[in-house]
Visitor: 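The structure's right below; bear with me while I get my questions together.
Every chain is numbered from 1, with letters handed out A, B, ... down the list of sequences. Bear in mind the structure is a predicted one, so any value in this text is a computation, not a measurement.
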Amino acid sequence: MMTSDSNTAVEAETVLTVRGLKVRFDTPDGPIEAVKGVDLDVKAGETLAVVGESGSGKSQTMMAIMGLLAANGRATGSALYRGREMIGLPMKALNTIRGEKITMIFQEPMTSLDPLYPIGRQIAEPIRHHRGGTAAAARARVLELLELVGIPEPTRRIDSYPHELSGGQRQRAMIAMALANEPDILIADEPTTALDVTIQAQILTLLQSLQKRFGMAVVLITHDLGVVRHVADRVVVMRRGEVVERGRTADVFARPKADYTRMLIEAEPSGEKAPPAPDEPVLLEGRKLRVDYSTGGGFLKKAGLFTAVHGADIRLRQGQTIGLVGESGSGKSTLGRALLKLTPSSGTVLFNGRDISDFDRKAMRPLRRDMQLVFQDPFGSLSPRQTVGEIITEGLYVHEPQLSKAERDARAVAALHEVGLDPSARNRYPHEFSGGQRQRIAIARAIILKPRLVVLDEPTSALDRSVQGQVIELLRGLQKSHGLSYLFISHDLSVIRAMADYVIVMQAGRIVEEGETAGLFDHPCEAYTKALLSAAYSR
Amino acid sequence: MISFILRRLASAVPTLFIVVTISFFMMRFAPGGPFNLERPLPPQTMENLNRAYGLDLPLWQQYLRYLGNVVQGDFGPSYVYRDNTVDQLIAMGLPYSIRLGMMALLVALIGGVAAGTYAALRQNSLTDLLVMSVSTVGVTVPNFVVGPVLTLIFAVLLAWLPAGGWGDGSLRFLILPTIALALPQLAVFARLMRGAMIEALHADHIRTVRAYGLPPRTVIVTHAMRAALLPIVSYLAPCAAALLTGSAVIESIFTIPGVGRYFVIGAINRDYTLVMGTVVLIAIFVIVFNLVVDLLYGLLDPRVRHE
Amino acid sequence: MSDLAQMPSLAPHAPETRGRSLFSLAMRRFRRNRAAIAGSIVLVLVALFSFVGPLFSDHAYDQVFPSYVSVPPSLSPRPGAETLQGAMESAVQRARVRLESFTVEGHSFTATLGADQPIDPRTTRYIDRANEFDDTTVKETQEDGRKLIVEGRVTREYFPFGTDSNGRDLLVRVMLGGQISIAVGVLASLVSLGIGVVYGATAGYLGGRIDNVMMRFVEILYSLPFVFLVVLLVVFFGRSFILIFLVIGAVEWLDMARIVRGQTLALKRREFVGAAESLGLSDWQIIRRHIIPNTIGPVVVFVTVIVPKVILLESFLSFLGLGVQAPLTSWGALIAEGANNIQSAPWLLIFPSIFFVVTLFALNFVGDGLRDALDPRDR
């Protein structure tokens, strides 16, 4: 395996050598081998991506090297930083490397900074500890760093607390802290996963430019192949605690050797959807839909008003899939719920040509079987105390109460078959299933009523890439066999491109652009759409 | 900051008003009165007494009169301790209760925080087990058991310490009541601190400071403990108010002349003014300590700083 | 975890595997918790002791034994042989005869009485009059009636826990105290559960302004000094057993209402409730099928917290002399009595305290066990 590295053109010095690294966690249910003998080399100045899905052990490998494992975890094997063994090193000695030679940034910028101290103080802490010097000198250095990572008004922001900064700014502050002592290696653990796409792109660009400037090596831990392809020199692919493939990025992407790598690359959603025939009837139409939320209102206190959706127009035809795109807080989910009359709104909603704007819950009930909803979080959307059978037949109680127990059971078996689950699943409980399986259960609950419209609210966002692909295939198949219409809400442009024939882009509660998928992706007009697209596809 | 304090104090006025009103009317609707003794008084004496204390007036007049007096800080004469006004009784008893309460609060706070921190840092060790067992005892066994048992052991059997009384107020007299009073609170502080400290040590930002090679002292004291103190500070308000206003149980076990007993004595004897006086006193303590704690919380946590 | 490997592996499963519900998982976790199991056993034993125990004792809880005031606990019967001798002597003296011999065997005695004149057989009444002796009959008359051999039953009493200062059997009183403390604990918890669940669920589900007003009311009640409220209610309502648990329940419901409201609010935001709504379920169907089953866990856990709290509160009231009235008693009242006689009769403090503390500990362990077993974070 290691031979594939040796054809690097200029042999750079290796700064970190990991051999046979194992990580074991003792749990009440017995020991778990999270990392099963990993070999890695990090060369000076390069970007190495460690790729894998959740549970692949990619983060735990780095935590073990940094001595950050949880109390029940134990690392064995070897990790040499410039010839110094880091595994098993006493904390005092380890602390001369951590934060000085090797630094780290984390996935959650919200929680990785101490909420009780100003960021300036937190950034100064490792400087003063490792380099010494006066408080004033450290402060000057922090200002310089904040400027460098592009935080506006550094002289003011240096005394801000983390909660006063946005997510992107916090991650910039983390980067400033990581750069403070000009480290040899920067480990970035999913640094952009928790951020919106446009911000993701900015952070990655910043990291790249800083790497050039400081000449450090970057170890990028990620599940996102798009990021890897764009920024990494070399890739290591991990699965279930083992390295399954390694090599130069271009080689791995062009000629993946391991089946798993190939599957990961192919799991990038592909394909496209043809628009429905122009004479298909309009199934759902919203005109000038507006949703207001009251905020902060209390007892005898006047509530503020927040408009989540500002007058949106949308027409969904039979058999069509509209992709609704936007970043968090853009109002896309609210619009979906307003169209289903699950959230109070003003404006007009027509379903199947009928004006349902003034329908209350009772009047909506008979219509509910035709319009279904699938949620993002497959963990929260299934009641933990019902069996899968009870969950998926719940709609039948409401809409086909005349069915006998046996008939209901038969329908449940059929629905489970259709979503690719074993019918024996209906006697089990949701907590016994994985995320992807749960999402299939949620889909079975929606289609058992044979609806005409399904609103899919980020149905794949909580799933690993490989599972995402399967769920997308399932949804496509169901659309074909039942002639369903989808409203597909997502922040993930690659999924939208594969699923939808028409795209609506939302920003801050307003529709900023819409059009047929191919046209919009190839020739976006609005600046915001362009930014979104370039953030998602330039990498 | 100052406007925050003023606003909070202003908002305490309606609370106090409601407390006074509810307790006034509850007390009055209860059957019996302060002069219904076991051997009934002659009707003439009864009438005179009622007139002397204004109990012959219609209830609403009594209420308004009482309210008016309370606003001026006058809680009226006591019915049981006929020679004293309620203000005098409180002034006499409060110093004892506060002195004992302060000692107990300090013991509970320092002991609890230290024990909890230590247990959290040595999680699942023998020390941890010991701290947790003692705190389970403290939380489970009420002080009206702890007090007499302590007396039995240290005063009756070993005869090391006096069984009760205030004596000259020296430490010897205070040790047992302080322990009995502090133990349950110490146990609560220890549990809170241990839990909060463990949670804090697992927080992402603690991982960050460890990843940057900062020494354990910085990690634990500067970052983890400050976060872990937040729940302690929240609990401080009800705890301090309860300890400083005297405990009826401890004061009766150890025969200490504090204000804690007044409430029970007052309630049993229908001493309206005495009960009302203690209720208002407790309510004021609760309000003041809540305010103090909120300010303290603001100092510790920038997210809730009061403008 | 990736689905890839798990998907096909589901198929070969036995076709009708029963899933393990969260409840059965919780029970399994609970059974593995030794402290909790031990706690449950102790609770059952204490309950049996309190409720079944009195059937095995022929002393009533209010029965006064004037001869045995404040006797220390002992496993041997009372009175002892010497005391009996003395009692017989004084009885015989009252009858103006001599006691020539006296033996006790188990529950019967034989005495030989002598006098200078023939003894009236009715003299036995003098002996019967003593507390210790009963059914005295003349067995034999000797020397023309100047010597009587009498037999009779000795009333000997067992006081393994000793007696109180009124001469009542402490064992039976501790049993009675247990009955009252446990009954108050359970009943008051049920009262608080009933009020709290209805109030909290209503506020949480209706939400908005109604919720605001209802919760403000709870906050005001909270701001009243809590013990004060109980004391006043007890004084106000009187001190009967039923009223005491009603009063305690009426105070303790505040926490329950808050917890249930919080749960309901959180559940309302859960996606599966949204899913049920989008399936067209009515409010009532959602409450019945989704809200209630998912609130049960936390409510059960909270009840195990409330029961010891209530027992404690009742004892506290009794300690202050505001609990059930004599001759009824509860553990708290017994402990108060013990605390007052600590110098002369420490057993009065020790026995009730042991039962009280053991019960509280057991409840604590059971509560912790249930919380660990039902805690959703554990999943």
Visitor: Drop me the distance from A/K362's NZ to C/S282's OG, to the nearest 0.5 angstrom.
Guide: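 A/K362 atom NZ to C/S282 atom OG measures 10.0 Å (nearest 0.5 Å).
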Visitor: Less than 6.0 angstrom from the centroid, inside 45 degrees of the normal: does C/R289 satisfy that with respect to the ring of A/Y397?
Guide: yes
Visitor: At what distance, to the nearest 0.5 angstrom, does OG of A/S383 lie from CD1 of C/I286?
Guide: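 Spacing of OG (A/S383) from CD1 (C/I286) equals 11.5 Å.
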Visitor: Could you work out, with salt bridge (charged side-chain N to carboxylate O under 4.0 Å, His left out) as the rule, every residue matching A/R361, not counting sequence neighbours?
Guide: C/D283
Visitor: Side chain, backbone, both or neither: which part of A/L463 has a heavy atom under 4.5 Å from chain C?
Guide: neither
Visitor: Work out which heavy atom in C/N294 is nearest to a heavy atom in A/P384; give both atom names and the distance.
Guide: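 Between these two residues, the closest heavy atoms are OD1-CG, 3.4 Å.
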Visitor: Test your reading of the model: is there a side-chain donor-acceptor pair from A/R368 to the backbone of C/L279, 3.5 Å cut-off?
Guide: no
Visitor: Considering only heavy atoms, which portion of A/L382 lies under 4.5 Å from any heavy atom of chain C: side chain, backbone, both, or neither?
Guide: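 The backbone, not the side chain.
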Visitor: Once you round to the nearest 0.5 Å, how far does OG of C/S278 lie from CE of A/M364?
Guide: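 CE of A/M364 is found 10.5 Å from OG of C/S278.
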Visitor: Is the shortest heavy-atom distance from the side chain of A/E394 to the side chain of C/H290 under 4.5 Å?
Guide: yes
Visitor: Can you name the closest pair of heavy atoms from C/A275 and A/S381 and give their distance?
Guide: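 For C/A275 and A/S381, the tightest heavy-atom pair comes out as CB-O, 4.2 Å.
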